[in-house]
There are 2 protein chains.
Amino acid sequence: MSSVSPTQIAYLGAEPILVAVDCIVFGFDGSKLKLLIFKREVDPLAGRWSLIGSFVKKNEGITEAASRVLSELSGIEDIYMEQLHCYGNPQRDSGARVISVAYWSLIKVDPNRTNFHIKNHISTWIDIDAMPGLVLDHSKMVIMAINRLKERAMHKPIGFELIPEIFTLPQLLNVYEAIFQRDIDDRNFRKKIMKSGLLIKTDYKDKSTSKKGSFLYKFNDKRYKELSEIGYNFEI
Amino acid sequence: MSSVSPTQIAYLGAEPILVAVDCIVFGFDGSKLKLLIFKREVDPLAGRWSLIGSFVKKNEGITEAASRVLSELSGIEDIYMEQLHCYGNPQRDSGARVISVAYWSLIKVDPNRTNFHIKNHISTWIDIDAMPGLVLDHSKMVIMAINRLKERAMHKPIGFELIPEIFTLPQLLNVYEAIFQRDIDDRNFRKKIMKSGLLIKTDYKDKSTSKKGSFLYKFNDKRYKELSEIGYNFEI
DNA sequence: ATCTTTAAACGTAAAAATTACGTTTAAAGA
DNA sequence: TCTTTAAACGTAATTTTTACGTTTAAAGAT
């Protein structure tokens, strides 16, 4: 005598699928926007350039999976990361039915450091305007990520995620020029960014690029949060 | 004597997961933005309000799955639809590990028509400002979808997707007021929308709301495409 | 025929934001 | 003290946005 439910069970007949995450990792070398890519080590398509990714484990969130990949390869924990899009064409991976959730991220590249590894994958930073073909639909992902980055940089202060905590105005200008791939008038840029009140000027100068030296600033996170709460929108 | 590959196979050890799509369906009744929700018929949580969704089949794309759901319920084929976000918290569905890819869509509601069904699911249109609690993380999805809709409506001419092919300016104004949930100055709205050159004025008037009647317009898809190609950005 | 009523349609002036562009300044090295 | 060079600063013209009042078309009442 078992109790009988009049309803069906939601999961009856549902077919499980492999789920992966892929990470688009952007960096900035001082003048150009860079993308971190990897030599694929597994078949099919071993030896070809690829984004870094991983399958999502049974008891792991997708965001956690992406975070895991990023921290494994960089050793850094607090990386700016956003979900980009979920790619689910049944033909996208010829080897198996895999859907992939792509995440894009911004990291503060130390130009001296090139050893971004997961295990012994070979990686390299490439200019975003000199991208080689990537495996599967990874090139498509990158293009979408670049567009999303531009869109986001227009409305949120994320340029700061690509440069050191302490930076100069010319440095900040350079990031935005790299992101938007166009020249920005430095006088207008200065006015706009200073008017926002989001930069804290330090007493120090970076003299590596000029005799005069350029004042160092830091981003005012606290003020940005306060402003955001009362409906402020950052705009470049 | 079998050929031995020195590389591993990508899929070894990967754990398959259930993948679903959920659809946020927006409509417009002439004055308010509406959301289409359904009485859930399957356990767990049978009887509670829910978005409409489906599991993704083994050989079906995720976009196709979402399109399938939308056309099954509406009978309409060309519905404006965008991917929203992929939700993958392992605790989001207590019954099984399911990741869900949410899609949001805009449909031209015939106010007389209320019978949106999949099989015999009960559905209803509700005001977006009077949303009942929904199952799982569906309320979160709706909130995100409303924000995305506002964002999109600001930069793309999607207000048109919620009203008939032929419409009046006051009608169009009303859609945008409903989307942005604020009053819009009709004189400024007129100027902006007419300046874009994206409306084709017809010789006909809709006299249902006034003695004078209001001219009917249609959206100029062709011109919009042309403008988009040369870098035009629609803005409200 | 004229008057009343009401949503639709139109216009203009002030304020704010954006764009374009030239000059001065600080510090090092000759 | 002169030269050099990136950094820093300022202003006027243009464009966009905002705010708000008046006229018009057509139906229905008198």
Side-chain angles (χ1 to χ4, degrees), chain A residues 30-31 150 153-155 157 159 163-164 166-218 227 230-236, chain B residues 30-31 150 153-155 157 159 163-164 166-178 180-218 227 231-236:
Chain A
S31 67
K150 285 181 186 172
M154 197 83 81
H155 299 292
I163 53 177
I166 311 280
F167 52 85
T168 66
L169 284 185
Q171 238 180 318
L172 188 64
L173 176 72
N174 286 341
V175 184
Y176 280 104
E177 290 189 325
I179 292 173
F180 297 134
Q181 294 171 285
R182 65 176 178 84
D183 286 349
I184 298 172
D185 184 280
D186 67 321
R187 293 148 292 190
N188 295 336
F189 180 77
R190 247 166 225 280
K191 270 182 288 181
K192 196 154 201 174
I193 204 79
M194 293 317 289
K195 195 182 64 176
S196 76
L198 290 171
L199 294 198
I200 299 170
K201 191 175 186 172
T202 71
D203 295 332
Y204 306 101
K205 281 186 166 185
D206 171 6
K207 296 205 174 174
S208 65
T209 54
S210 76
K211 299 160 187 171
K212 183 179 179 178
S214 186
F215 275 106
L216 287 160
Y217 293 82
K218 49 186 178 178
L227 287 174
I230 56 171
Y232 166 83
N233 273 303
F234 179 88
E235 288 230 344
I236 286 291
Chain B
S31 66
K150 285 180 187 173
M154 198 83 81
H155 299 292
I163 53 178
I166 310 278
F167 53 85
T168 67
L169 284 184
Q171 236 180 320
L172 188 65
L173 177 71
N174 286 341
V175 185
Y176 280 103
E177 290 188 325
F180 298 132
Q181 295 172 283
R182 66 176 178 84
D183 287 349
I184 296 172
D185 185 280
D186 67 321
R187 291 150 290 189
N188 295 335
F189 180 78
R190 246 168 226 279
K191 268 181 289 180
K192 196 154 202 174
I193 204 80
M194 292 317 288
K195 196 182 61 174
S196 77
L198 290 170
L199 294 198
I200 298 168
K201 191 174 185 172
T202 72
D203 294 332
Y204 305 102
K205 281 185 166 189
D206 171 6
K207 296 204 174 175
S208 65
T209 53
S210 77
K211 298 160 187 167
K212 184 180 178 178
S214 186
F215 276 105
L216 288 160
Y217 293 80
K218 51 186 175 178
L227 286 175
Y232 166 83
N233 273 303
F234 179 88
E235 287 232 345
I236 285 291

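Chain identifiers are assigned alphabetically (A, B, ...) following the order of the sequence lines, protein sequences preceding nucleic acid strands; residue numbering begins at 1 within each chain. Just the heavy atoms: all of them, side chains too, but no hydrogens, waters or symmetry mates, feed the values below.
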Should the pair B/Tyr217 and B/Phe167 be assigned to parallel (<30°), tilted (30 to 60°) or perpendicular (>60°) ring geometry?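 Plane angle under 30°, so parallel.
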
Which class fits the ring pair A/Tyr176 and A/Phe189: parallel under 30°, tilted 30 to 60°, perpendicular over 60°? tilted

Which is more 5' along DNA chain D, the nucleotide nearest A/Phe215 or the one nearest B/Lys191? Just name the residue. A/Phe215

Starting at the 5' end of DNA chain D and moving along, which residue's nearest nucleotide shows up first, B/Lys195 or A/Ser214? A/Ser214

Find the distance [X]:[atom1] to [N]:[atom2] and express it as a whole number of Å.
X        : N      : atom1 : atom2 : result
A/Lys192 : C/dA17 : NZ    : P     : 10 Å
B/Lys207 : D/dT24 : NZ    : C1'   : 13 Å
A/Arg190 : C/dA17 : CZ    : P     : 21 Å
B/Met194 : C/dA8  : CE    : P     : 15 Å
A/Ile193 : C/dT18 : CD1   : P     : 13 Å
B/Phe167 : C/dA8  : CZ    : C1'   : 16 Å
A/Phe189 : D/dG10 : CZ    : P     : 18 Å
A/Asp206 : D/dA8  : CG    : C1'   : 15 Å

Quick one: look up who C/dA15 pairs with, Watson-Crick or G-U, both distances under 3.5 Å, and put none if it's unpaired.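 For C/dA15, the partner nucleotide comes out as D/dT16, under the 3.5 Å rule.
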
What does C/dA28 pair with, Watson-Crick or G-U, if both distances are under 3.5 Å?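 Across all strands, the one nucleotide that pairs with C/dA28 is D/dT3.
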
Quick check on DNA chain C: between A/Glu235 and B/Asp185, whose nearest nucleotide comes earlier from the 5' end? B/Asp185

Residue whose closest nucleotide on DNA chain C lies nearer the 5' end, A/Asn188 versus B/Gly213: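 Checking each residue's closest nucleotide, the 5'-ward one belongs to B/Gly213.
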
Listed nucleotide nearest any side-chain atom of A/Ser210, set C/dA20, D/dA6, D/dA26: D/dA6

So which nucleotide from D/dG10, D/dA27, D/dA7 ends up closest to the side chain of A/Thr209?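 Nearest to the side-chain atoms of A/Thr209, counting from C-beta on, is D/dA7.
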
Side-chain donor or acceptor of [X] under 3.5 Å from a matching atom on the base of [N]?
X        : N      : value
A/Asp186 : D/dA7  : no
B/Arg187 : D/dG21 : yes
B/Lys212 : D/dA25 : no
A/Lys211 : D/dT4  : yes

I want to check something: taking the side chain as every heavy atom from C-beta on, are B/Leu227 and B/Leu198 in contact at a cut-off of under 4.5 Å?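 In short, these two side chains touch, coming nearer than 4.5 Å.
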
Can you name the nearest heavy-atom pair linking B/Phe180 to B/Met154, along with the distance?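 Residues B/Phe180 and B/Met154, closest heavy atoms: CZ-N, 3.8 Å.
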
Decide side-chain contact (heavy atoms from CB on, under 4.5 Å) for A/Gln171 and A/Thr209; before the verdict, give the C-alpha distance in whole Å, the side-chain angles of both, and the deciding distance to 0.1 Å. CA-CA 10 Å; A/Gln171 238 180 318; A/Thr209 54; over 6 Å; no

